[in-house]
Protein chains: 2
Amino acid sequence: MRLLPAGSIDCVFADPPYNLQLRGELRRPDDSIVDGVDDDWDRFGDFAEYDRFTRAWLVEVRRLLRKDGTLWVIGSYHNIFRIGSMLQDLGYWILNDVIWRKSNPMPNFRGRRFTNAHETMIWAARGRDSRYRFNYQAMKALNDDVQMRSDWLLPLCTGPERLRNEHGLKLHPTQKPESLLHRVLLASTGVDDIVLDPFAGTGTTPAVARRLRRHFIGIERHPDYAEAAIGRVRRERPLPMDSVMTTTNRREVARVPFGSLVERGLLSAGTILTDRQRRVAATVAPDGSLVSGSVRGSIHKVGAALTNAPSCNGWTFWHFEEAGVLQPLDVLRTRSLETA
Amino acid sequence: MRLLPAGSIDCVFADPPYNLQLRGELRRPDDSIVDGVDDDWDRFGDFAEYDRFTRAWLVEVRRLLRKDGTLWVIGSYHNIFRIGSMLQDLGYWILNDVIWRKSNPMPNFRGRRFTNAHETMIWAARGRDSRYRFNYQAMKALNDDVQMRSDWLLPLCTGPERLRNEHGLKLHPTQKPESLLHRVLLASTGVDDIVLDPFAGTGTTPAVARRLRRHFIGIERHPDYAEAAIGRVRRERPLPMDSVMTTTNRREVARVPFGSLVERGLLSAGTILTDRQRRVAATVAPDGSLVSGSVRGSIHKVGAALTNAPSCNGWTFWHFEEAGVLQPLDVLRTRSLETA
DNA sequence: ACCACGCTTGAATCTTACA
DNA sequence: CTGTAAGATTCAAGCGTGG
């Protein structure tokens, strides 16, 4: 990471070691043994050591992120609180904590706790003043046209997606499902963005990034994981360009001044605008302002004034008559883009 | 809290301030953060203040908890990471993080983030060696007879449950739903346990505790909230004793030695027992031991030996024939309790 | 082709009473 | 305190096999 230039990364997804502290073996009710995470890379002496490790990579990630970039970190209760605190201490700005609800978690075999059925992701901007990217409309479209919530129900990574070694055993103990990365990248990156995964493992992030036509950098120190990741990414094919274009955000639409619509003749000066119920009315002035009695100003200001509201979206409030039908101003904005 | 004796509390539920003013105080025009990582802590003096406050009450709660007691804390991403870290630093032992999924959350009006549709609870024992209480069977019964997961779907506190002042405005900004406390107390306390809520607000914890026949101590410094809480608790009536008794854990059921069943004639010496598939068999000896060839011992040991298993629950492994049907030994244990 | 059934498995801080 | 024995404990999916 130290070799990469500052401010060069749009989005980071990090799945760091969780610092699990397992004691002894765990057996299922049928006496088979649970294949838990006992790898060296997940062993830390104490919280202080884990905190030093965490701080080091979070500082470095922050150096690499451009000002408006965002970071995703996934973890469990063993480590996520330490990570969240440190994010705040380092000046990151938490945007959401997102819960990955597992549809098929491992049960609690001893009946001593609630089934550990979720993991937590933190989504944070580099700083409080970041103008971060959030593809609101794409998320809404992905969720049957209602806002995407902070809890996501997704299955574990199993079946053919799970990478296995020559003995048929899982290659990596904690391979994340591609569906999770799909949603993460769709929510917070755009085509050709640069995505970094500092704990790339078997390459889920790079693979999904390539599929979605994002650029990617994956870092992994374990040779077996890295090798598997490289092969996996090579096998992955970018989706056709038109299929990775998602519903665009309103705010991504190039801003169109109302005046320019008048200027370009999409709406004539003198046209009378009304609200949908035709309760108030105003006239379009040649400079793109509206006039209604003694009130004059932008489409938003006049709309607010006439309804005694603190604010008003003039694009959806004001309507004009066309072929006997009331149309919101917004349709003109769309037309102006099509004819630009 | 300083007036209460050490080790006097079975369970604490805490809904501390979420540190919302912190966000206001952190609103700075200049966010030019130095990547030098050693001197940034004092820039977050407000976090430090919140941490001092948090540490103080968590230390005091730990003094009050008996060794096997547990603590619940609820929070959002603004404060829960700081609380979780501090719990770990203070020696608490996290058992679960539990997600309260709100069925009716407030939407995100600006469309700049995911709908914040959950809050996080941490359930922790006083220490790593706590033999904490978890009413596993009661939770399972509450969840259609499958294990209760770490994500709970419950509605916000609305309607008649929501306390309002004389102007019809909500009395407390973050009144928690009684259903949440119902599940918390049912999971981790028993009848006549002592429950403490150090941030009692309008008394949801005391009210539900009283209803479920738990003793309670609520602390609240705001006079309006305290007054409302007192009235609310007074109006609350404890449920009839038989309706607060829940499914009991098997571990709590009085232990019945297998030998006593033979002694009392519920099973004759000489009876032949088999496993459910009739693959192995053993004979009941008059002293309550089993014999199978050269193997002799308890129902558990012989079951384990004949199946080459490290352990075996003889009560569910061994069956006897009754009216042509194979019955597990466990049914005799139930009968013995009924006829005791 | 389809279904029933059994086997496997997944980031897990996973027992307790009594001698 | 330690050692020993009793005995409590699993859900959703995917996959393979055999009828």
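Chain A is the first sequence line, chain B the second, and so forth, proteins listed ahead of strands; every chain is numbered from 1.
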Is [Y] paired with [X] through a side-chain N to carboxylate O contact shorter than 4.0 Å?
| X | Y | result |
| --- | --- | --- |
| B:Asp193 | B:Arg214 | no |
| B:Arg55 | B:Asp89 | no |
| A:Lys102 | B:Asp151 | no |
| A:Lys176 | A:Asp197 | no |

Within the structure shown, what part of the strands sits under 4.0 Å from [X] by heavy-atom distance: base, sugar-phosphate, or nothing?
| X | value |
| --- | --- |
| A:Pro105 | base |
| A:Arg162 | sugar-phosphate |
| B:Asn249 | nothing |
| A:Gly24 | base |
| B:Ile94 | base |
| B:Asn143 | nothing |
| B:Ser298 | sugar-phosphate |
| B:Glu252 | nothing |
| A:Pro16 | base |

**Asked** Relative to each other, are the rings of A:Phe44 and A:Phe53 parallel, tilted or perpendicular (30° and 60° limits)?
**Response**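 Ring orientation of A:Phe44 relative to A:Phe53: tilted.
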Given atom [atom1] of [X] and atom [atom2] of [N], what is their separation to the nearest angstrom?
| X | N | atom1 | atom2 | value |
| --- | --- | --- | --- | --- |
| A:Phe114 | C:dT13 | CZ | P | 13 Å |
| A:Glu25 | C:dA12 | CD | P | 15 Å |
| A:Tyr18 | C:dG10 | OH | C1' | 13 Å |
| B:Trp123 | C:dC14 | CH2 | P | 13 Å |
| A:Lys102 | C:dG10 | NZ | P | 12 Å |
| A:Arg23 | C:dT13 | CZ | P | 12 Å |
| A:Tyr50 | C:dT13 | OH | C1' | 13 Å |
| A:Gln21 | C:dC14 | CD | C1' | 14 Å |

**Step-by-step side-chain hydrogen bond (donor to acceptor under 3.5 Å, both in side chains) determination, A:His172 to A:Thr202** = CA-CA 7 Å; A:His172 191 286; A:Thr202 49; 5.3 Å; no
Whole-Å [atom1] distance, [N] and [M]:
| N | M | atom1 | result |
| --- | --- | --- | --- |
| C:dA12 | D:dA6 | C1' | 24 Å |
| D:dG7 | C:dT13 | C1' | 23 Å |
| C:dA11 | D:dC15 | P | 16 Å |
| D:dT9 | C:dA17 | P | 14 Å |
| C:dC14 | D:dT4 | P | 22 Å |

**Message:** Tell me the closest heavy-atom pair linking A:Phe114 and B:Asn96, and the distance in Å.
**Reply:**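 Of all heavy-atom pairs spanning A:Phe114 and B:Asn96, the closest is N-OD1, 2.9 Å.
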**Item:** Distance-only donor-acceptor check, side chains B:Arg133 and B:Asn135, under 3.5 Å
**Value:**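 The answer is yes; a qualifying pair exists.
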**salt bridge (charged side-chain N to carboxylate O under 4.0 Å, His left out) contacts touching residues 266-295 of chain B (sequence neighbours left out)** =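 Of all non-adjacent pairs touching residues 266-295 of chain B, those that pass salt bridge (charged side-chain N to carboxylate O under 4.0 Å, His left out) are B:Asp275-B:Arg279, B:Arg278-B:Glu321.
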**Under 4.0 angstrom between A:Asn116 side-chain N/O and C:dT13 OP1 or OP2** =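 True: A:Asn116 side-chain N/O within range (under 4.0 Å) of C:dT13 OP1/OP2.
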**Message:** Whether the side chain of A:Lys176 and the base of C:dA11 hold a donor-acceptor pair under 3.5 Å is what I'd like checked.
**Reply:**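 Indeed, a donor on one side and an acceptor on the other fall under 3.5 Å apart.
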**Item:** Short side-chain to backbone donor-acceptor contact, B:Arg62 and B:Arg126, under 3.5 Å
**Value:**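 Checking the backbone N and O of B:Arg126 against the side chain of B:Arg62, a donor-acceptor pair under 3.5 Å is found.
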**Request:** Have a look at D:dT4 and give me syn or anti from its glycosidic angle (syn if within 90° of zero).
**Result:**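 Base orientation relative to the sugar is anti.
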**Message:** Please enumerate all residues that pass side chain to side chain contact (heavy atoms under 4.5 Å, CB included) together with B:Cys312, with sequence neighbours excluded.
**Reply:**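 So B:Cys312 forms a side chain to side chain contact (heavy atoms under 4.5 Å, CB included) with B:Ala304, B:Phe317.
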**Asked** Which residue, A:Asn104 or B:Arg333, contacts DNA chain D at a nucleotide closer to its 5' end, judged by nearest heavy atom?
**Response**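 The residue mapped nearer the 5' terminus is B:Arg333.
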**Asked** Of B:Pro257 and A:Ser103, whose nearest nucleotide on DNA chain D comes first from the 5' end?
**Response**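 Checking each residue's closest nucleotide, the 5'-ward one belongs to B:Pro257.
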**Request:** Decide yes or no for B:Asn116 and B:Ser76: does some side-chain heavy atom of the first lie under 4.5 Å from some side-chain heavy atom of the second?
**Result:**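 No; the side chains remain at least 4.5 Å from each other.
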**Asked** Going by heavy atoms in the side chains, are B:Leu154 and B:Trp100 under 4.5 Å from each other?
**Response**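 In contact.
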**Message:** Tell me whether the ring of A:Phe109 lies stacked over the C:dC14 base, given a 5.5 Å limit on centroids and a 30° limit on the plane angle.
**Reply:**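 No, the aromatic ring of A:Phe109 does not stack with the base.
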Give each protein N/O atom lying under 3.5 Å from an N/O atom of nucleotides 15-19 of chain C, with the pair distance.
{"from": "C:dT15", "atom 1": "O3'", "to": "A:Arg112", "atom 2": "NE", "distance (Å)": "3.4"}
{"from": "C:dT16", "atom 1": "OP1", "to": "A:Arg112", "atom 2": "NE", "distance (Å)": "3.2"}
{"from": "C:dT16", "atom 1": "OP1", "to": "A:Arg112", "atom 2": "NH2", "distance (Å)": "2.9"}

**Item:** Residue list, side chain to side chain donor-acceptor pair (under 3.5 Å) with A:Arg210, at least two apart or on another chain
**Value:**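 If we apply the side chain to side chain donor-acceptor pair (under 3.5 Å) test to A:Arg210, skipping adjacent residues, there are no hits.
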**Prompt:** First contact, last contact: which nucleotides of DNA chain D are these for chain A, 5' to 3', heavy-atom distance under 4.0 Å?
**Reply:**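 The contact span of chain A on DNA chain D goes from D:dA8 to D:dC15.
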**Fill in**
Taking Watson-Crick and G-U wobble contacts under 3.5 angstrom, with | marking pairs to another strand and [ ] crossing pairs, the secondary structure of DNA chain D is written .|||||....|||||||||
